[in-house]
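A single structure is presented below for examination.
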Amino acid sequence: MADQLIRATAADGGIRAVGVITTRLTEEARTRHKLSYVATAALGRTMAAGLLMASSMKREGSRVNVRIKGDGPLGGILVDAGLDGTVRGYVENPAIELPPNAKGKLDVGGAVGNGYLYVVRDVGYGYPYSSTVELVSGEIGDDVAHYLVNSEQTPSAVVLGVFVGAGGVTAAGGLLVQVLPKAARDEELVAKLESRVASLAGFTPLLQAGKTLPEIFQDLLGDMGLVIFPETQMLRFHCGCSFNRVLGALKILGEAELQDMIAKDDGAEAICDFCGSVYHASSDQLAQLIDDLQAESSVSI
């Protein structure tokens with residue numbers, strides 16, 4: 001099944017639901033970064049969460065950055081997701097592995113540890129909106145729901161999952177259900193929704209059972225006036241890094257640093273944290289950057 005995002009409403013617009021399937025892009029991240037099982041689950045959940053959060057943004061080009069910084073062995077997680085359906089991300093320590101937790105599942109919470117969730121929303125103009133909350137479990141889904149309730153004052157349920165085996169990622173995705181102000185006063189509706197979300201055995205078992213996103217929505221909200229939007233948005237792992245951007249970053253280092261790279265290393269190598277792409281700049285290319293800096297300096301004088 002292709003990676004995709006589908007939106008829906010229920011309760012006359014009082015409930016907003018978004019579902020994502022992210023199996024392929026999570027597998028791409030796993031292979032690019034050579035992720036362990038638990039690191040794959042942690043990054044995969046966070047990428048799904050980023051796409052779910054970005055889906056509520058309105059302006060073209062809007063993006064959301066999700067950073068999780070815990071004291072566990074995984075270190076930090078950083079994800080950049082866009083309203084356009086693109087996402088990228090990495091973890092600080094991709095090779096760490098932990099035994100399963102008490103429930104027999106990948107111990108993402110133990111890998112993340114205690115710490116904070118940082119979210120930055122960039123709507124394409126003005127100053128980005130940023131907010132920070134303390135992690136409540138390190139399992140990602142609970143932490144994102146906690147952020148949405150406390151920073152955006154929107155009661156939310158977030159269900160995320162990644163199933164990874166010896167052959168790679170076979171199921172990944174997530175579900176976001178939010179109760180908007182017009183429905184929040186209906187205590188019976190809210191209690192009914194909470195009960196149904198709590199009864200879910202997880203998200204990946206639904207995908208592994210062959211359920212589609214519309215079918216998952218139907219099971220969860222079908223008797224609450226469910227309306228599924230007809231548009232299906234395709235999702236993909238994408239990084240905007242390029243060799244020209246690398247040269248621009250090297251140029252910022254200045255003439256003395258570039259000369260040192262030429263003398264000691266006969267060039268420079270840069271690796272993109274987000275996608276793992278490796279870029280090589282030759283000594284001739286570094287020399288050209290020096291010439292450019294000198295030319296710009298003479299013009300400014």
Side-chain angles (χ1 to χ4, degrees), residues 1-22 45 47-64 66 81-87 119-126 128-129 131 133 140-161 173-200 202-203 206-207 211-235:
M1 194 178 299
D3 289 350
Q4 58 191 262
L5 180 149
I6 292 179
R7 298 172 174 86
T9 62
D12 294 322
I15 294 174
R16 174 179 178 266
V18 186
V20 294
I21 295 174
T22 56
R45 291 181 192 179
M47 290 194 298
L51 289 164
L52 289 170
M53 285 192 282
S55 70
S56 65
M57 304 177 82
K58 306 298 182 183
R59 187 182 178 93
E60 184 178 352
S62 296
R63 303 196 70 82
V64 59
V66 182
L83 178 62
D84 62 356
T86 61
V87 65
V119 177
V120 178
R121 290 182 178 271
D122 185 352
V123 297
Y125 64 92
Y129 168 78
S131 183
V133 296
I140 313 303
D142 297 337
D143 306 302
V144 171
H146 177 65
Y147 158 79
L148 292 169
V149 170
N150 286 274
S151 293
E152 301 190 0
Q153 289 75 53
T154 307
S156 306
V158 181
V159 182
L160 305 170
L175 181 68
L176 168 64
V177 181
Q178 297 182 298
V179 180
L180 304 181
K182 63 185 297 183
R185 294 184 295 272
D186 189 337
E187 295 181 1
E188 184 178 346
L189 176 68
V190 173
K192 183 178 181 180
L193 184 60
E194 288 177 343
S195 176
R196 290 201 181 167
V197 172
S199 69
L200 292 176
F203 191 78
L206 300 175
L207 297 183
K211 291 278 188 179
T212 64
L213 289 176
E215 288 172 340
I216 294 172
F217 285 151
Q218 187 65 41
D219 291 345
L220 192 65
L221 304 168
D223 60 347
M224 300 183 189
L226 174 67
V227 177
I228 299 176
F229 294 3
E231 300 85 4
T232 298
Q233 182 179 19
M234 295 296 104
L235 307 175

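All residue numbers in this chain count up from 1 along the given sequence. This is a predicted model, so every value here is computed, not measured.
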Inset, instruction - Begin with the C-alpha distance, continue with both residues' side-chain angles, and end with the deciding distance and a verdict on side chain to side chain contact (heavy atoms under 4.5 Å, CB included) for Ile216 and Phe203. - result: CA-CA 9 Å; Ile216 294 172; Phe203 191 78; 4.0 Å; yes
Inset, instruction - Using a 4.5 Å cut-off on heavy atoms from C-beta on, say whether the side chain of Val87 contacts that of Leu235. - result: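 When only atoms from C-beta onward are counted, Val87 and Leu235 do not touch, as no gap falls below 4.5 Å.
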Legend entry - CD on Glu188 to CG on Leu193, rounded to 0.5 Å: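 Reported to 0.5 Å precision, the distance equals 12.5 Å.
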Legend entry - Side-chain donor/acceptor of Gln153 to backbone N/O of Asn150, under 3.5 Å: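 Indeed, once roles are kept as given, a pair shorter than 3.5 Å links the two residues.
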Inset, instruction - State whether a side-chain donor-acceptor pair under 3.5 Å links Thr86 with Arg63. - result: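 Note: Thr86 and Arg63 side chains meet the donor-acceptor criterion.
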Inset, instruction - Nearest 0.5 Å please: distance from the CG atom of Leu160 over to the CD1 atom of Ile140. - result: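 Nearest 0.5 Å value for the CG-CD1 distance: 8.0 Å.
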Legend entry - Sidechain-backbone polar pair: Arg121 side chain, Met57 backbone, donor-acceptor under 3.5 Å: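 Looks like no, no N/O pair under 3.5 Å.
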Legend entry - Residue pair Leu221 / Ala17: nearest heavy atoms and the distance that separates them: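 So the minimum-distance heavy-atom pair works out to CD1-CB, 3.9 Å.
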Inset, instruction - Could you tell me the separation between the CD atom of Glu215 and the OG1 atom of Thr212, rounded to the nearest 0.5 Å? - result: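 Glu215 atom CD to Thr212 atom OG1 measures 3.5 Å (nearest 0.5 Å).
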Legend entry - Nearest heavy atoms of Ser151 and Tyr129, plus distance in Å: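 For Ser151 and Tyr129, the tightest heavy-atom pair comes out as O-OH, 3.4 Å.
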Inset, instruction - Check for a donor-acceptor pair, side chain of Ser195 on one end and backbone N or O of Lys192 on the other, with a separation under 3.5 Å. - result: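 Side chain of Ser195 to backbone of Lys192, a donor-acceptor pair under 3.5 Å: no, none is there.
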Inset, instruction - Locate the shortest heavy-atom distance separating Ser156 from Ala145; write the atom from each residue and the value. - result: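 Minimum heavy-atom separation between Ser156 and Ala145: O-CB, 3.8 Å.
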Inset, instruction - Determine the minimum heavy-atom distance between Val123 and Arg59, stating which atoms define it. - result: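 In terms of heavy atoms, the two residues are closest at O-CD, 2.8 Å.
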Legend entry - Min side-chain heavy-atom separation Val64-Val119 under 4.5 Å: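 Touching, per the 4.5 Å side-chain cut-off.
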Inset, instruction - Quick one: pull up CZ in Arg7 and CZ in Phe217 and give me the separation to the nearest 0.5 Å. - result: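 The CZ atom of Arg7 sits 10.0 Å away from the CZ atom of Phe217.
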Legend entry - Nearest heavy atoms of Ala49 and Val144, plus distance in Å: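 Distance-wise, the nearest heavy atoms are CB-CG2, 3.8 Å.
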Inset, instruction - With the side chain counted from C-beta on, respond yes when Leu175 and Leu220 share a heavy-atom pair under 4.5 Å apart, and no when they do not. - result: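 In contact.
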Legend entry - Residues Val177, Arg196; criterion side chain to side chain contact (heavy atoms under 4.5 Å, CB included); working and verdict: CA-CA 11 Å; Val177 181; Arg196 290 201 181 167; over 6 Å; no
Legend entry - Ala8 versus Leu226, closest heavy-atom pair with distance: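 Closest pair (atom of Ala8, atom of Leu226, distance): CB-CD1, 3.9 Å.
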Legend entry - Spatial distance of atom CG (Leu52) from atom CG (Leu5) [nearest 0.5 Å]: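 Atom-to-atom, Leu52:CG and Leu5:CG are 6.5 Å apart.
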Legend entry - Straight-line distance of Leu189 CG to Glu194 CD, nearest 0.5 Å: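 Leu189 atom CG to Glu194 atom CD measures 10.0 Å (nearest 0.5 Å).
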Inset, instruction - Determine, step by step, whether Val66 and Met53 satisfy the side chain to side chain contact (heavy atoms under 4.5 Å, CB included) criterion, reporting the C-alpha distance in whole Å, the side-chain angles of both residues, the deciding distance to 0.1 Å, and the verdict. - result: CA-CA 9 Å; Val66 182; Met53 285 192 282; 3.3 Å; yes
Legend entry - Pairwise side-chain contact, Arg16 with Leu176, heavy-atom cut-off 4.5 Å (strictly under):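 In short, these two side chains touch, coming nearer than 4.5 Å.
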